[in-house]
Amino acid sequence: MSRRKALRLGGLALPVIAAPAALTGCGTAAGAGGDGVLRVAQPTDPTTLDPHKQGDMVSMNVLINIFDTLTTRDARGRLAARLATSWEPRSRTVWRFRLRRGVRFHNGEEFDADAVKFSIERVLDPKTRSPIVELRYVTSVRVVDRHTVDVRTTLHDPILPAKLSLFGGVIVPPKYLADVGDAAFAKRPVGTGPFVFQSFRRDRELRLRANRRHFHGSPGADRLVFRALPNPASALAALQSDEVDLVTGLTPDAARQLSGYAGVELESHRGVRTAYLNLDTTSGPLRDRRVRQALNHAVDVPLLIKAVLDGKAREVPAMLPRGVVGFDGSVEPFRRSVRTARRLLAEAGHPHGLTTTLTASNDDAQVAEAISGLLDRAGIRARVDLLDPGTFSARLTSDNRHALGPIYLAASTAWTLDGASMVQSNVRHDRRQSRWVSKEADRLIDAEELSMDPEDRQRAFTALQRLIKREAPFVPLYQQDIILARTTRVRWTPVVNGSLAMESAEVGA
């Protein structure tokens, strides 16, 4: 019986997962292990090494080790200083940042206010074609003095410092970029970060060495190597043969295939990456709120977490995950009831159920098939349409809001640890991924994005979560844990936003 059929029969009957076939290459690889080398595996390579021309966590996970950002998140997830030592709003449309002194890029170029101005305005320049959207309200940067800048916005942006902790906050060297050009910069990036770029062979490895002069001190590893390992079998083989020390980006399914092997330890940490079903409320049966509510009643999220995710997730009531600014624990998730779902469908004119399509990436096939099985119990026959990850991503970010069909399974990381990051692209009617038209939702998005008062923002977030539950434009699912597999020679705890900042990792013999 195929896994797909097993998932659908009886809703969530899971098949036995076989151990990987006999593994080859279990001898120690040349140069593997010891010598202060930390080898980290991700599912894929970075798309580019130009930090302003990428917008995905896999790329950022590498780049955050080469480049520094203006702000950062500490081990407890709190916003902390990095290249900026302090920040404050000077008016509704001006944030002032004071900068760290004595910092130099890896090529010796000085970090200063001009570098900050150049970097932020490079992201904003249409010629850069940056996919980074967090700086939508920024218009320009004014140099106050060599170590102070004012970032100007069209409207007040209360979480601008948090937005500068990853993608939009990466600082690049202006003189080096002017000398070599964009293409050469992407081949040999230069930052101020804790590791210095050495080489990159796509589909092989990306090598970095420690920056001994970093302002936070020397990192724990002498060298840092990233490898792309797309499946659990190759990850297990690499772990057992000492070719990698740490495997990241694991799904619970992949983690199950790595458990029980000598020398391999699995860890699970709380995360904020949040999965949900996006519903096209603008056409077809999903225009009816009762049909959308029926889907929410039918998808038994606690069962999904237990049976498919090994319990390595937490239910999300209304899109915002726990641990981010704006989350309101008083908002309860839908009561799971097939009977209620069938009643709502009948009231909406579908007494015999309905047929639809659920689109997902191949990476999420198991979850998608399980959700389809749950919906089927309520009379919602959702055919699963699986796409390769590249095609899925291209359709998701295209201007065609219907490119992924009436229902699609997606996930977002609220990496700023603010609720605005979770809903910014898919709620307000004029945003890229929105398929919901609601004047009240638009008003609440504006309120939480633009208010200077934290209490006003929280009230807007609370009202938005209650509105999302009532109108059901989504089926909120869960926030997944960060799952790692490692050998015993490495110790490292990820930040809750999931980024792979490896300077704090400890490497043993």
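Counting begins at 1 with the first residue of the sequence.
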| Trace of the side-chain hydrogen bond (donor to acceptor under 3.5 Å, both in side chains) decision for Ser59 with Asp56 | CA-CA 6 Å; Ser59 299; Asp56 62 281; 3.0 Å; yes
| query | Between Leu49 and Pro46, is any pair of side-chain heavy atoms under 4.5 Å apart? | reply | yes
| message | Under the criterion salt bridge (charged side-chain N to carboxylate O under 4.0 Å, His left out), I'd like the reasoning laid out for Asp150 against Arg142: C-alpha separation, chi angles, the key distance, then a yes or no. | response | CA-CA 5 Å; Asp150 284 345; Arg142 184 177 74 91; 3.1 Å; yes
| Residues Asp481, His269; criterion side-chain hydrogen bond (donor to acceptor under 3.5 Å, both in side chains); working and verdict | CA-CA 5 Å; Asp481 290 354; His269 303 268; over 6 Å; no
| Out of curiosity, Leu63 CG to Ser499 OG, how far, rounded to the nearest 0.5 Å? | 12.0 Å
| query | Does a sphere of radius 6.0 Å around CD in Glu88 hold more than 12 heavy atoms from other residues, nucleotides or ligands, not counting ones at 6.0 Å or beyond? | reply | yes
| query | Is it true that the side chains of Ser165 and Thr69 contain a donor and an acceptor less than 3.5 Å apart? | reply | no
| query | Is NZ or CZ of Lys469 both nearer than 6.0 Å to the six-membered ring centre of Phe334 and within 45° of the ring axis? | reply | yes
| field | Audit row: Phe474, Leu279, side-chain contact (heavy atoms from CB on, under 4.5 Å) steps and yes/no | value | CA-CA 5 Å; Phe474 310 97; Leu279 311 181; 5.5 Å; no
| Check: Arg73 side chain, Thr416 main-chain N or O, donor-acceptor pair, under 3.5 Å | yes
| remark: Checking Ile120, Val144, Leu70, Leu99 against Val149 for side chain to side chain contact (heavy atoms under 4.5 Å, CB included), the one that qualifies is Leu99
| message | Between Arg273 and Gln479 (side chain of the first, backbone of the second, donor and acceptor by atom type, cut-off under 3.5 Å), is there such a pair? | response | no
| said: I'd like to know if the side chain of Asp456 reaches the main chain of Met452, judged simply by a donor and an acceptor atom lying under 3.5 Å from each other, with no hydrogens or angles considered. | reply: no
| task | Using atom types as modelled and distance alone, determine if a side-chain donor or acceptor of Gln465 lies under 3.5 Å from a backbone N or O of Gly326. | result | yes
| Minimum heavy-atom separation for Val496 to Arg270, with atom names? | CG2-O, 3.5 Å
| When rounded to the nearest 0.5 angstrom, what is the spacing between CG in Asp328 and CZ in Arg322? | 11.0 Å
| task | Check side-chain hydrogen bond (donor to acceptor under 3.5 Å, both in side chains) between Thr154 and all other residues, then give those that pass, not counting sequence neighbours. | result | none
| query | Quick one: are Phe226 and Leu500 in side-chain contact, heavy atoms under 4.5 Å? | reply | yes
| task | Only counting residues at least two apart or in another chain, list the ones meeting side-chain hydrogen bond (donor to acceptor under 3.5 Å, both in side chains) with Thr153. | result | none
| Which atom pair, heavy atoms only, marks the closest approach of Ala186 to Pro189? | O-CD, 4.2 Å
| field | Any side-chain heavy-atom pair of Pro252 and Ile483 under 4.5 Å | value | yes
| query | Quick check: does any side chain N or O of Thr281 sit under 3.5 Å from a backbone N or O of Arg435, one acting as donor and the other as acceptor? | reply | yes
| request: Drop me the distance from Asn296's CG to Ser337's OG, to the nearest 0.5 angstrom. | output: 12.5 Å
When the side chains of residues 344-353 are checked against the rest of the protein, which donor-acceptor pairs come out under 3.5 Å, sequence neighbours left out?
residue	atom	partner	partner atom	Å
Glu347	OE2	Arg343	NH1	2.9

| query | About how many Å separate OG1 of Thr355 and CZ of Arg381, when rounded to the nearest 0.5 Å? | reply | 4.0 Å
| query | Taking side chain as C-beta onward, heavy atoms only, is Thr248 less than 4.5 Å from Val40? | reply | yes
| field | Check: Glu134/Gln424 side-chain N/O donor and acceptor closer than 3.5 Å | value | yes
| request: Could you please spell out the steps behind the side-chain hydrogen bond (donor to acceptor under 3.5 Å, both in side chains) verdict for Tyr408 and Asp385? | output: CA-CA 9 Å; Tyr408 65 79; Asp385 183 12; over 6 Å; no
| field | Any donor-acceptor N/O pair, Asp310 side chain to Lys312 backbone, under 3.5 Å | value | no
| Does His297 use its side chain to pair, donor to acceptor, with the backbone of Arg335 at less than 3.5 Å? | yes
| Audit row: Arg76, Asp74, salt bridge (charged side-chain N to carboxylate O under 4.0 Å, His left out) steps and yes/no | CA-CA 5 Å; Arg76 297 175 61 182; Asp74 65 17; over 6 Å; no
| request: Determine whether Ile407 and Thr359 make a side-chain contact, defined as any pair of heavy atoms from C-beta on separated by less than 4.5 Å. | output: no
| remark: Closest non-hydrogen atoms of Ala447 and Arg457, given as atom of the first, atom of the second and distance, are O-CG, 4.5 Å
| said: Can you confirm whether the side chains of Asp125 and Thr128 place a donor and an acceptor under 3.5 Å from each other? | reply: no
| Arg395 side chain vs Phe392 backbone, donor-acceptor pair below 3.5 Å | no
| request: Show your working on side-chain contact (heavy atoms from CB on, under 4.5 Å) between Leu387 and Asn362 and close with a plain yes or no. | output: CA-CA 6 Å; Leu387 305 175; Asn362 280 324; 5.9 Å; no
| message | One pair to check against salt bridge (charged side-chain N to carboxylate O under 4.0 Å, His left out): Asp446 and Arg428. What are the steps and the verdict? | response | CA-CA 9 Å; Asp446 290 343; Arg428 205 179 195 285; 2.9 Å; yes
| field | Contact check, side chains of Phe185 and Asp50, non-hydrogen atoms, under 4.5 Å | value | yes
| task | Check whether any side-chain heavy atom of Trp436 sits under 4.5 Å from a side-chain heavy atom of Arg431, and report yes or no. | result | no
| request: Taking the side chain as every heavy atom from C-beta outward, state whether Val170 and His52 have any pair of such atoms under 4.5 Å apart. | output: yes
| note | Between Leu358 and Ala368, the two heavy atoms sitting closest are CD2-O, 3.6 Å
| message | Can you tell me how far apart CE (Met57) and CH2 (Trp415) are? Round to the nearest 0.5 Å. | response | 9.0 Å
| For the residue pair Gly498 and Asn61, what are the closest heavy atoms and their distance? | O-OD1, 3.9 Å
| said: Let's go through Thr282 and Asp280 carefully: what are the C-alpha distance in whole Å and the side-chain angles of both, what is the deciding distance for side-chain hydrogen bond (donor to acceptor under 3.5 Å, both in side chains) to 0.1 Å, and is it a yes or a no? | reply: CA-CA 5 Å; Thr282 65; Asp280 188 351; 2.5 Å; yes
| request: Please check if the side chain of Thr48 supplies one atom and the backbone of Lys53 the other of a donor-acceptor pair under 3.5 Å. | output: no
| Atom CH2 in Trp87, atom CG in Leu164: separation rounded to 0.5 Å? | 9.5 Å
| query | Around Arg339, counting heavy atoms of other residues, nucleotides and ligands shown, do more than 12 lie under 6.0 Å from its CZ? | reply | no
| message | Any side-chain to backbone donor/acceptor pair from Thr462 onto Gln458? Under 3.5 Å, distance only. | response | yes
| Nearest non-hydrogen partners of Leu477 and Val301, listed with the distance | O-CG1, 3.1 Å
| said: With salt bridge (charged side-chain N to carboxylate O under 4.0 Å, His left out) as the criterion, how do Arg122 and Asp182 come out once you've worked through the C-alpha distance, each side chain's angles and the decisive distance to 0.1 Å? | reply: CA-CA 11 Å; Arg122 183 173 185 253; Asp182 286 10; 3.3 Å; yes
